[in-house]
Amino acid sequence: MKNFIVVFSLLTLFTQVAQAQFPKMDFFGPPLDIPLYLSGNFGELRSNHFHTGIDIKTGGVKGKNVLAAADGKVARIAVSPYGYGKAIYIDHKDGMQTVYGHLLDFNDEIGKVVKEKQYREESFSVDFNPEKDIYVQKGQVIALSGNSGSSGGPHLHFEIRKGIKPQNPLKYGFDIKDNIAPRIRGLRFHPLSPDARINGEPRPISFVVTGSQGKYSMRNNGAVSVSGDFGLSVHTLDFLNDVPNKCGVYSLQLFIDSALICEQKFDELDFSTNRHINCYKDYEVYRSNGWHYHKSFIEPGNELEVYSPDVVNSGVLNNLAAGEHEGLYIINDAYGNKSELPFSFTVIPVDSSATYTKNFDAYFKWNAPNTYEFQDEIKLEIPARALYSDLQFVFGREMQKPPYETALYSLNNKHIPLDKSMSISFNISHILPDKRSKLVAVRFSPEGYRSYLKGSVNGDIFTVKSRNFGKYALVLDEEKPELKPYKNAVGGTIPARGTLYYSIKDEISGINEYRAELNGSWVVLEYNPKKSRFELIIEDTAFLKGANSLVISVQDAVGNEVEESFNYTF
Ligand SMILES: [Zn+2]
């Protein structure tokens, strides 16, 4: 009993700490009418973006009531097979806006407006500001939660924005429990000058970190020696009570010999710089292992505003005296739970006898336009500020072999992030003019994953835009998309309610456009790319009593088209 009381008062203390940091406010109410457990939080590091909201669990199912978090007016409604899927944006007073994503369905009033818009535009995807005012009250059901768009499981994506900038929702006093301190898993040393070495190596080295409950240390007290300019990064995650999901931390501070070197904090994000996450984290480790190392040094092209003004020398350590030094990481979550990682390292003088061989084909400045040409076969153009730091560019060429229409070109086949698209132009004078419109670029990532990019043809030149380095070649796409009805949609008598499914696949360039007509008139056909299928909801579609004819046509990105018709009795 005594232990119980101690635990209880500790919890109370934690709650008080949390309230002291983020005072409870009642402006926003909960966006769901079930207890709030998170599968993702604000500032969490994702692929090409920081997460700009919180992901609230819906018990693994769709169809939970989604509530307006405050009184307001519907500002925007969107439907898409990708991104936020079905989403509602509500404006509140004082320039605040809330966003509700991955919805299953809208309430009747909003749903009617969406359907009208879809039929007027003859498009499943719509994104618009309602013409007539739709007012909502705090706690009113506006939608049902779902899994639409780029969502990996049923949940509600909820955002709070001030103007257009997403805010950390955990600052607004929602009833979410977290008394678990962030976990620290690794510490990484990065050489940042040509003569820099970490334990004698010219590449970054990670060290395993162990510990629990806020106290962490380097395993085996890892002996680290550094020379030249270097920086540090840390692999850390947060966990919330009662759920296993990995979340993001709120703030990080790095101290060297008790002096603050770098500090970042996630109160607010900005969509215009959200892709800069790729230079915020260690991109190479993320792309090869999926681990999120937060760097405590700032690349020249990094425009994120999450850093404290007190950051010293952009976090680059370049003037430490030879000998032993003490470092300390302090990591906090949004509820004031704290973890600490003390560590030590030895600075040794730069080895001036070491020789550095040139092993690159061109040197690209991050803030200037760069071009690279190989004979008259291929030309690469990278706009200024597409790179976040200077690049030692490496080019390679492999002989052409089937099914490629060109050689396979290696354009810096490493994990280097790009903020803006580069343009890659291929000479296609050897390809018959009537075949050229069917050309597509194929890209292999450093691990060998394939993706396809549509380009444009101008005379003897084929150009694609891409934000990824890798290996590139051109291929021809002359295959039609493959459209097949599920068993329940082959034809014949259909029930009064339910969904008809059609599997849709396109091997190379991918689905670009599609259209469904029932008895000669356009109807809503939902595209679900996660399941590679079209979905037709019977009760939402104007089937006639008796015989009906449904025609579905689909085009891939280079215009190969398939058209199928189905006869249904209703
Ligand atoms: Zn989300």
Side-chain angles (χ1 to χ4, degrees), residues 28 30-32 34-69 75-90 96-106 127 142-162 164-172 174-176 178 237-240 242-250 266-278 280-281 286 290 292 304 306 333-334 528-530:
F28 292 114
L32 289 170
I34 53 174
L36 304 184
Y37 294 105
L38 303 191
S39 57
N41 65 355
F42 186 85
E44 195 182 317
L45 312 189
R46 300 263 177 102
S47 181
N48 296 320
H49 67 286
F50 293 95
H51 192 231
T52 49
I54 51 176
D55 288 341
I56 310 175
K57 292 167 88 87
T58 52
V61 296
K62 305 178 213 173
K64 300 287 181 192
N65 289 332
V66 175
L67 317 178
R76 177 180 165 195
I77 310 168
V79 176
S80 166
Y82 309 105
Y84 290 6
K86 294 179 183 163
I88 301 177
Y89 300 69
I90 299 175
M96 303 301 293
Q97 187 181 67
T98 51
V99 185
Y100 311 77
H102 309 307
L103 304 172
L104 173 69
D105 214 344
F106 305 104
D127 187 343
I142 52 169
L144 295 177
S145 70
N147 186 32
S148 59
S150 309
S151 165
H155 74 279
L156 174 70
H157 173 88
F158 176 68
E159 269 178 38
I160 295 177
R161 298 181 184 180
K162 194 182 267 175
I164 54 170
K165 289 192 175 180
Q167 309 293 308
N168 193 334
L170 299 184
K171 293 172 73 176
Y172 291 86
F174 294 104
D175 188 12
I176 295 162
D178 181 8
L237 299 161
D238 192 36
F239 291 82
L240 279 65
D242 309 319
V243 284
N245 306 74
K246 291 171 188 165
C247 283
V249 301
Y250 169 65
F266 293 95
D267 286 321
E268 181 179 89
L269 287 164
D270 184 338
F271 288 105
S272 72
T273 53
N274 215 20
R275 192 179 168 87
H276 290 213
I277 187 169
N278 288 335
Y280 171 90
K281 66 186 171 189
Y286 170 67
H292 294 289
L304 292 167
V306 298
D333 68 22
N528 183 340
K530 283 179 291 192

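In listed order, ligands and their atoms are each counted from 1.
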Report summary line: Residue set satisfying salt bridge (Lys or Arg N to Asp or Glu O under 4.0 Å) with Lys86, at least two apart, ordered chain then number -> Glu526

**Report entry** Donor-acceptor under 3.5 Å (Ser150 side chain, Tyr82 main chain)
**Finding:** no

Report summary line: Closest heavy-atom pair, Asn274 versus Phe50, reported as atoms and distance to 0.1 Å, is ND2-O, 3.1 Å

Requested in this report: Only counting residues at least two apart or in another chain, list the ones meeting side chain to side chain donor-acceptor pair (under 3.5 Å) with Arg161.
Outcome: Glu159

Report task. Report the residues that fulfil side chain to side chain donor-acceptor pair (under 3.5 Å) with Lys57, sequence neighbours left out, ordered by chain and then residue number. Result -> Asn245

**Report entry** Check against ring-ring contact (aromatic ring centres under 6.0 Å, His included), Phe158 and Phe174
**Finding:** CA-CA 12 Å; Phe158 176 68; Phe174 294 104; 5.8 Å; yes

Query raised in the report: What protein atoms of element N, O or S are positioned under 2.8 Å from the Zn ion (ligand 1)?
Result: His51 NE2, Asp55 OD1, His157 ND1

